[in-house]
Amino acid sequence: MDREKIIVIDFGGQYNQLVARRVRECSVYCEIYSYRTDLKQIKAMKPKGIILTGGPNSCYEEGAPSCGEELFDLGVPVLGLCYGAQLMMHVLGGHVCKAPVREYGRVEVMVDTSTKLFHDVTPLTVCWMSHNDYIKKMASGFRMIAHTADCPVAAAQNTSRNLYAIQFHPEVLHTVEGAKILHNFVYDICGCVGDWRMDSFVETSVQAIRRKVGQGKVLCALSGGVDSSVAAVLLSRAVGSQLTCVFVDHGLLRKNEGDEVEEVFGPNGPYDLHFIRVNAQERFYRKLAGVAEPEEKRKIIGEEFIRVFEEEAKKIGKVDFLVQGTIYPDVVESGLGGESAVIKSHHNVGGLPDYVDFKEIIEPLRDLFKDEVRRVGLELGIPEKLVFRQPFPGPGLGIRIIGDVTEEKVKMVQEADAIYREEMAAAGLDRLPDQYFAALTNMRSVGVMGDERTYDYAIALRAVNTVDFMTAEASQIPWEVLQRVTNRIVNEVSHVNRVLYDITSKPPGTVEFE
Ligand code: GLN
């Protein structure tokens, strides 16, 4: 039986991945597609429901992202959110225009709780709004089912056509009962039963991998990060002795990390992964010499990875498949899933040279969000310590060094980062920020040390809180801790004479500092 699926059609809003995540939290599988996707393709996927996202445009403007009227005649329930709601009305003959009062932030919404959509929701519920336009006149056949003091149509429905429009954003956590509203849509309106569960994911993945691999040999790129560790253990469960895991120490890992990875996944650890460690530091430093542009560094590191694997593969004999720990946000952020602009190329996605020597790439986690990967990891019995490890980018410290990468700079950032982590742990704060690290800025400035002038580098410290890494805010690390870290770094790390703390949120920043 086919897995039931909800499709999110992306009109460029910033919360679109969140929509998909919320649906999956209801145990229903969900995928994101650009609004440019051919309707025939959407139809062929036999979705149980379709959700149209928000977006920055005004639907009545020339050239604004749109959809054909046929979308609403597929016989599949459609829920429009914000831009999606406005577009639905616009396309079906309603009137959308600039609102006399724009709403931004938390707003109290009066909802009709006798509807399926708002069943069990509090009549006056706090929602999150972000709009300049509004639905002035609904398309015919629609009935208003929610409003606010300033917004006459905060939601509308046409039950005979199974069409629903919501002006606010149920996907963001500020909308207190948003999850319930999406749950109502997915279960009571689309008729889903909820067949997306992580235990069945492990089972079906293992079967699918076995079918695909047959007697073939599999090579897995293990970095020690959460994604590749989960991928490796999943593969070993599926094809056991046909798997070899290669861990490339590219010289861009955190301090001592290479040895730690070897301890867990190596021959003396609890898993049997046919673990091979390649010490390729020199090669990477050589390739990176003089390269300052972050995208170029990512590409070089990604390609060199593949080279090293090819060589390892040749030593092992014929290898048919290469495993990578790509996850869904990598796919979407690389511009392949939805409508979001290419923010950065992911080393796992699109960065592969076309002369790769393997029959095929296997990406068993390609459909999963990070929290789902962690659940799969726990399902597979991987220790919590590993499963909840801080995210670390594939290109490693290569992108946490602004400007060109040298061995000396790598040492500097490794030492600074180790001090930062030590002091955070000592203060009992190491699990609080969702990610924190030191980066080496390319800035040198004058300082004074032991009465002598110095002209040295500045280290940047970053710590962020985030639910999903799509948005983030800087953590408020206690001043004393920052001071202790700073003192130790300038004292213990040579050629560093200044420490800065980055308080930029994402957006406009990113979580990484590159
Ligand atoms: N751009 C539209 C408006 O301003 C939709 C906004 C949105 O989807 N968040 O109303």
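Counting starts at 1 for both ligands and their atoms, in listed order. Heads up: numbering here begins at 1 and tracks the sequence. Atoms considered below: every heavy atom in the structure, side chains included; atoms not considered: hydrogens, waters and symmetry mates.
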With a 4.0 Å cut-off on N to O distance, would you call K370 and D227 a salt bridge? yes
State whether D371 and R21 are salt-bridged, where the test is any N-O pair (Lys NZ or Arg NE/NH1/NH2 against Asp/Glu carboxylate O) under 4.0 Å. yes
Considering non-hydrogen atoms of the protein only, which is the closest contact for atom 4 (O) of ligand 1, and what is the distance? N132 N, 2.9 Å
To the nearest 0.1 Å, how far is atom 7 (C) of ligand 1 from its closest protein heavy atom, and which atom is that? C82 SG, 2.8 Å
Does a donor on one side chain and an acceptor on the other come within less than 3.5 Å for D367 and Y29? yes
Less than 3.5 Å apart, any donor N or O on the side chain of E177 or T122 sitting next to an acceptor on the other? yes
When only distance counts, is [X] in polar contact with ligand 1, meaning an N/O pair under 3.5 Å?
X    : result
Q167 : no
G55  : yes
S58  : no

State the atoms of ligand 1, each with its element, that fall below the 4.0 Å cut-off from a heavy-atom position in [X].
X    : answer
H131 : 3 (C), 4 (O), 10 (O)
G54  : 8 (O)
N57  : 1 (N), 2 (C)
S130 : 6 (C), 7 (C), 9 (N)

Take a 6.0 Å sphere around NZ of K46 and say whether it holds more than 12 heavy atoms from other residues, nucleotides or ligands. no
Working for salt bridge (Lys or Arg N to Asp or Glu O under 4.0 Å), residues D112 and R143: CA-CA 11 Å; D112 179 347; R143 175 169 84 81; 3.1 Å; yes
Return yes when P56 approaches ligand 1 closer than 4.0 angstrom through a heavy atom, no otherwise. yes
May I ask whether Q86 has any heavy atom positioned less than 4.0 angstrom from an atom of ligand 1? yes
Of the side chain and backbone of C59, name the one, both, or neither that has a heavy atom under 4.0 Å from an atom of ligand 1. neither
Answer with side chain, backbone, both or neither: which part of H169 has a heavy atom less than 4.0 angstrom from an atom of ligand 1? side chain
Please list all pairs passing the side chain to side chain donor-acceptor pair (under 3.5 Å) test where one or both residues lie in residues 68-81, with sequence neighbours left out. D73-R161
Could you label the plane-to-plane angle of the F11 and Y35 rings as parallel, tilted or perpendicular, counting under 30° as parallel and over 60° as perpendicular? parallel
Could you work out, with salt bridge (charged side-chain N to carboxylate O under 4.0 Å, His left out) as the rule, every residue matching R375, not counting sequence neighbours? none
